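Report on the following structure.
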There are 2 protein chains.
Amino acid sequence: MEKLIKFISRYAQLSPAAIAGLKCFAEEEKSKKNVLILNAGQVCHKIWFLTSGMVRKYQLQDGKERTCWIHFENEIFTSLDSYFSQTPSKDIIEACEESEIISISKEASKELARFPEFLSFTNALMGEQFASIDRVSKEFSFMDAKQRYNYLQKVSPKLFQKAKLGHIASIMGITQETLSRIRSKE
Amino acid sequence: MEKLIKFISRYAQLSPAAIAGLKCFAEEEKSKKNVLILNAGQVCHKIWFLTSGMVRKYQLQDGKERTCWIHFENEIFTSLDSYFSQTPSKDIIEACEESEIISISKEASKELARFPEFLSFTNALMGEQFASIDRVSKEFSFMDAKQRYNYLQKVSPKLFQKAKLGHIASIMGITQETLSRIRSKE
DNA sequence: GTTTTCTTTTGATGTAGATCAAAAAATCAT
DNA sequence: ATGATTTTTTGATCTACATCAAAAGAAAAC
């Protein structure tokens, strides 16, 4: 919980009351390796904070897994589409290894919105995420495979230390074979 | 202005005071054909509503124009990245034809945030945009050129009535020649 | 109504990355 | 350790789309 509070305070100063509220509404959970945190078809009611471990978000497309992103500790994750539109999720979220997560439900968020600091936190976070999604998705679309490789190594070095090749390739929008060949030519 | 109020009331019920505030802070502008609304390098301080006309958002990449999207009447637009991160824009926004727009500056937004209806409008809008960007960008990345063509025709038929082939192709992430060939095979 | 300019189409050729198949390497279970 | 399973690499071939070049068509200017 301390890690989450520290995370939030990078965006807004939390009053003791807000911290108490957070402790009351946020739930700490553990998830074992390969266990699903969210399955396709479910409506996503929560936003999660990853205290420790590694979590993968992917979709099934024609029977194939398409990895969207892999999160590491001190990151926030959810199924954006499902959470905000409250429709069944296409995203599947799974723990890649034993992970500790904190969940905040949509209702809890509404309660916490009574604290203005919390509201400015969520606003700042959403703005940051917006900017980041917009920027990264455009930059990515201009790059070829090699450039994406270099870019990803910069923005998420942990990915290359911990994730499987196939998953990294999928994030890059290429096949595992192509990524293997890129790597061998370095 | 009436169109904007109507647009907002799809998300939140506006009180007479909020409407008065909006009329006070929102600025109506006209933009002639091929005039830039936002240039690359500028920090974007506004969100715009397009009352009438047609507006294109693009970036320059290695001297080439890459069209991100084209907006039509009753749509909201801005440079997401620049507006939310307050960094110089890579996006260039231009009126493709004589257009009427309404601008709301970041400061005006802050003032208007005193009206809770306005806050719930922006929250709902941001949530919807989030969901939409997340969903569309993923769906798009799974599709080949022909599928993107069919998809775009569904979600933005106006695009095909009014925009140039080269711009549509650019949105699809392909060359104009390829789009021309796709069209000829229908 | 011609000429100029801009937009779209058509053709020939090139290439990044996909697909299929199988070997090699690494990890796991017993 | 030893075999079983998973992950990564390597090779051969294929394909969707890019690039370059030029013709055809449409729109704008005079």
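Please read these numbers as outputs of a predicted model, since none were measured by experiment. Order of the sequence lines sets the chain letters (A, B, ...), proteins ahead of strands, with each chain counted from 1.
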Near-strand residues of residues 154-170 of chain A, defined as heavy-atom separation under 4.0 angstrom from DNA chain D:
Lys164(A), Leu165(A), Gly166(A)

In whole Å, I'd like the distance from the CG atom of Asp62(B) to the P atom of dA18(D).
15 Å

Check: residues 89-98 of chain A side-chain donor-acceptor pairs under 3.5 Å, at least two apart:
| unit_1 | atom_1 | unit_2 | atom_2 | d |
| --- | --- | --- | --- | --- |
| Ser89(A) | OG | Asp91(A) | N | 2.9 |
| Ser89(A) | OG | Asp91(A) | O | 2.7 |
| Lys90(A) | NZ | Glu139(B) | OE2 | 2.8 |
| Asp91(A) | OD1 | Lys138(B) | NZ | 3.1 |
| Asp91(A) | OD2 | Ser79(A) | OG | 2.8 |
| Asp91(A) | OD2 | Lys138(B) | NZ | 3.4 |
| Glu94(A) | OE2 | Arg56(A) | NE | 3.4 |
| Glu94(A) | OE2 | Arg56(A) | NH2 | 3.2 |
| Glu97(A) | OE2 | Lys162(A) | NZ | 3.1 |

Residues at least two apart in sequence or cross-chain that pass salt bridge (Lys or Arg N to Asp or Glu O under 4.0 Å) with Glu128(B), listed by chain then number, are none

To the nearest angstrom, the CG-P distance between Asn34(A) and dT5(D) comes to 17 Å

Report all side-chain donor-acceptor pairs from residues 45-53 of chain A shorter than 3.5 Å, counting only partners two or more places apart or in another chain.
| unit_1 | atom_1 | unit_2 | atom_2 | d |
| --- | --- | --- | --- | --- |
| His45(A) | ND1 | Gln86(A) | OE1 | 3.3 |
| Ser52(A) | OG | Glu100(A) | OE1 | 2.9 |

side-chain contact (heavy atoms from CB on, under 4.5 Å) with Ala17(B): which residues, sequence neighbours excluded?
Ser15(B), Phe115(B)

When rounded to the nearest 0.5 angstrom, what distance separates CZ in Phe84(B) from SG in Cys44(B)?
9.5 Å

Hey, could you give me each pair passing side-chain hydrogen bond (donor to acceptor under 3.5 Å, both in side chains) that has a residue in residues 27-38 of chain B? Not counting sequence neighbours.
Glu29(B)-Ser103(B)

Not counting sequence neighbours, which residues clear side-chain contact (heavy atoms from CB on, under 4.5 Å) with Arg183(B)? List them please.
Tyr149(B), Leu165(B)

Apply side-chain contact (heavy atoms from CB on, under 4.5 Å) to Ile171(B) and list each qualifying residue two or more places apart in sequence or on a separate chain.
Thr67(B), Trp69(B), Ile70(B), Leu152(B), Leu159(B)

Residues at least two apart in sequence or cross-chain that pass side-chain contact (heavy atoms from CB on, under 4.5 Å) with Ser85(B), listed by chain then number, are Ala131(A), Asp81(B), Thr87(B)

Please write out each protein N/O paired with an N/O of nucleotides 15-23 of chain C under 3.5 Å, distance rounded to 0.1 Å.
| unit_1 | atom_1 | unit_2 | atom_2 | d |
| --- | --- | --- | --- | --- |
| dG17(C) | OP1 | Ala145(A) | N | 2.8 |
| dA18(C) | OP1 | Thr175(A) | N | 3.3 |
| dA18(C) | OP2 | Thr175(A) | N | 3.1 |
| dA18(C) | OP2 | Thr175(A) | OG1 | 3.0 |
| dA18(C) | OP2 | Thr178(A) | OG1 | 2.6 |
| dT19(C) | O4 | Arg181(A) | NH2 | 3.2 |
| dC20(C) | N4 | Glu177(A) | OE2 | 3.2 |

Short N/O separations, protein against nucleotides 25-30 of chain D, under 3.5 angstrom:
none

Suppose we screen for ring pair (Phe, Tyr, Trp, His ring centres under 6.0 Å). Which residues come up paired with Phe25(A), at least two apart in sequence or across chains?
none

